[in-house]
Structure formats: structure tokens, C-alpha cells
Engineer: 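I'd like to ask some things about the structure below.
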Amino acid sequence: VTAPRFDTVVHAPLRLQVCAMLAAVESAEFSAVRDELGVSDSVLSKHVKVLDETGYLRARKAVVASRQRTWLALTADGRRALAGHVAELQRLLAPATEAVAEHLPSSAPTPPQPATAT
Amino acid sequence: VSASEVLCDHLPSWKAIGKLSVMETDAGMTDSAARAALTEVEAGRSAAARRVTTPWWFHPLLGAALAAMLAALSLRGPAVAVVLVLALAAQVALYALYRRLTGLWVNTWHVEGMRRVTAAATAVCLLLLALGVGLELGAGARGAAAITGVVLGVVYVVYWRWVERRLVALWAAAP
């Protein structure tokens, strides 16, 4: 179980997406991350650099068929930071969710169903 | 000179410190901001889910290469070495193609909730390999390696089809 911990480096919206994508896999190619998240090379590079400098991400360059490709992978520290950050976000939301659940009647009436055309 | 004085010299220090604390910690994070952040996490996982599925022919081809490698033992003469080398080369090429097609590298052993099935599938494959080699070369049962090779290929394809479906379901789920 990961302890909830707010992480300012991970919290930036695009970095959260990059970290979540990389946490799911062992590694991902730079262009795959760029295309799926719909950002430019320069924007992604900037965020990758921040994560790299923090020690949350490792970038490895490989030449395949005379083309240089960059593979990105989250480090163990990066995985821990993301897990802690997600746990913290869930912890922040938990009171609100519980409060809503408390105010809901135990047997809510079924909403009227729309009439279907025959 | 404190950070609050530099950044917010037009505000009284108690306001500036309040602003910085909201920006830099979770103290001022609202429910909607936390929910929005979790949506970003979901978006990242969904991005991985969108790429992980290979074309329908990919795993059957890899399964066939795996089957051919074991089935080669049922052949005789120089054909054994030729089929073995070709099957091995096909596997290396297909793994490289996997990286090109998906842009991802997945280790199912590290994916939560998949370790048990991965261990079971690996054990079955190793057992089939040992059985095929043992029966063909040890007991002299001609064709045993070819039969176990085909079963091995089918197990491999079924396992990877399950892996892809499971990964998509896992990553599409909320964090």
C-alpha cells in the first residue's frame, strides 16, 4: 500500500498523463507518447526533461534502421511518486464521496423510465 | 527577501503566502481539481490501452514461429538447423515489429493481477517444451515435437489474446 503524498512534479496535467501512461508499461517510445497525448515534440521534451531531472524518468536512445528512437521508462522513484500522488488525490476525494453516500437514501426510488416508441 | 516578496510584491505577505501555499501544496486543492487530476491519470492509462492491441495476425505469426522452432526437432538432417534458425530469426523480427507497431514494451510479470496467469502460462509452455524434446529425442517418438509445438503455439496465442484484452480492461478502468 502506497502512502498518500502530494507531488508537485507529477501534478502538472501533462506530466500526470505521461507518468500514468508510462506506469502502465515497461517503456514507451517518445513518438507513441507524443501521438497518444496529442502534444508537440517540444512540449513533451520539456516535460520529459523535468521528470528526467527529478529522477522519475529514464530516457534511452536507440538507433533502429538508421533512425534514432527514444524510449521512455518510469524509474522506481517515478512509479512510487505517481502511486503516492494518485493515493493522495483519492484521499482528498474520499470525504466528498462519503458525504454524498451518507446523504443518499438507502433505497432510492427508481427514476421513471422514458416511454419507448413501438 | 522571501519568495512571497519577490513574486507578489503588490500583495500583503499573508495573502502572498496563502497564494503560494495553494499553488505549491495540496492544502488548497478543491474536489474538482483532484477529480480533474484523476481524469488526467485515466487519460494516460487509456493512451496505453489504445496502443497495446496488435493486429489480428501478429500473435498467430509469433505462435507459428514458436511452434516451428519445436517442430523442427521432428525433422531430420540439415532441415533441423535451417528451420530452427529461420524460426528464431522470425521471432526476433516479430518482437522488433511489436515495438514498431505499438510503441510500447510490456512486461506482464510486472502488471498487477496478471502475475499468476503469466506464471501458469510460462509453466505450461516449459512443460510442453520439455515434453516435446523428451518424447522426440529421448523416447524416439517421431512427430511428438511437431504435435507439442503446435499445442505450444496455440497456448501462446490464447495467452496473448487474453493479455491484450485484460490490459485494455485494466487500463481503461479508473485508477
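Chain A is the first sequence line, chain B the second, and so forth, proteins listed ahead of strands; every chain is numbered from 1.
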Engineer: Who wins among B:A36, B:A37, B:A34, B:G44 for the most heavy-atom pairs under 4.5 Å with chain A?
Structural biologist: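 Of B:A36, B:A37, B:A34, B:G44, B:G44 has the most heavy-atom pairs under 4.5 Å with chain A.
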
Engineer: Can you name the closest pair of heavy atoms from A:L93 and B:L38 and give their distance?
Structural biologist: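 That would be CD1-CD1, 3.5 Å.
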
Engineer: Are B:V92 and B:L101 connected, step by step, through hydrophobic side chains (Ile, Leu, Val, Met, Phe, Trp, Tyr) whose heavy atoms are closer than 4.5 Å?
Structural biologist: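 As far as the 4.5 Å side-chain criterion goes, B:L101 and B:V92 are not connected within one cluster.
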
Engineer: Taking side chain as everything from C-beta outward and backbone as N, CA, C, O, which of these in B:R100 sits under 4.5 Å from a heavy atom of chain A? Side chain, backbone, both or neither.
Structural biologist: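 Interface part for B:R100: side chain.
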
Engineer: What closest approach, in Å, do B:W105 and A:W71 show between heavy atoms, and which atom pair accounts for it?
Structural biologist: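 Distance-wise, the nearest heavy atoms are N-CZ3, 4.0 Å.
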
Engineer: Does B:L88 belong to the same Ile/Leu/Val/Met/Phe/Trp/Tyr cluster as B:V83, with side-chain heavy atoms less than 4.5 Å apart forming each link?
Structural biologist: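 Both belong to a single hydrophobic cluster.
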
Engineer: Within residues 132-160 of chain B, which positions have a heavy-atom distance to chain A below 4.5 Å?
Structural biologist: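 Expected list: none.
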
Engineer: Mind running side chain to side chain contact (heavy atoms under 4.5 Å, CB included) on A:R79 and B:H110 for me, showing each step along the way?
Structural biologist: CA-CA 12 Å; A:R79 286 178 190 275; B:H110 291 157; over 6 Å; no

Engineer: With a 4.5 angstrom heavy-atom cut-off, is it the side chain or the backbone of B:T39 that approaches chain A, or both, or neither?
Structural biologist: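 Looking at B:T39, nothing touches chain A.
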
Engineer: Where on A:H85 is there a heavy atom nearer than 4.5 Å to chain B: the side chain, the backbone, both, or neither?
Structural biologist: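 Neither part.
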
Engineer: Should the heavy atoms of other residues, nucleotides or ligands under 6.0 Å from CH2 of B:W57 be counted, would the total exceed 12?
Structural biologist: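 Yes, enclosed.
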
Engineer: Taking only heavy atoms into account, what residues of residues 20-38 of chain A are found under 4.5 Å from chain B?
Structural biologist: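 From residues 20-38 of chain A, the residues near chain B are A:A20, A:M21, A:A24, A:V25, A:E26, A:S27, A:A28, A:E29, A:A32, A:D35, A:E36, A:L37.
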
Engineer: Check the hydrophobic clustering (I, L, V, M, F, W, Y; side-chain heavy atoms under 4.5 Å; chains of links allowed) and say if B:L73 and B:V82 are grouped together.
Structural biologist: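 Unlinked, B:L73 and B:V82 end up in two clusters.
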
Engineer: Could you name the residues of residues 58-72 of chain B that have a heavy atom within less than 4.5 Å of a heavy atom in chain A?
Structural biologist: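 Heavy-atom contacts from residues 58-72 of chain B to chain A are absent.
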
Engineer: Would you give the length of the straight line joining atom CG of A:L89 to atom CD of B:E40, rounded to the nearest 0.5 angstrom?
Structural biologist: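 Those atoms lie 10.5 Å apart.
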
Engineer: Would a hydrophobic clustering, with Ile, Leu, Val, Met, Phe, Trp and Tyr connected at side-chain separations under 4.5 Å, put B:Y95 with B:L104?
Structural biologist: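 Yes, because B:Y95 and B:L104 connect within a single hydrophobic cluster, where side-chain heavy atoms sit under 4.5 Å apart.
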
Engineer: Report, by ascending residue number, the residues of residues 116-130 of chain B in heavy-atom contact with chain A at a distance under 4.5 Å; give 'none' if the set is empty.
Structural biologist: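 Within residues 116-130 of chain B, near chain A: nothing under 4.5 Å.
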
Engineer: If hydrophobic clusters are built by linking Ile, Leu, Val, Met, Phe, Trp and Tyr wherever their side-chain heavy atoms come under 4.5 Å apart, do A:L72 and A:V43 end up in the same one?
Structural biologist: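 A:L72 and A:V43: one cluster.
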
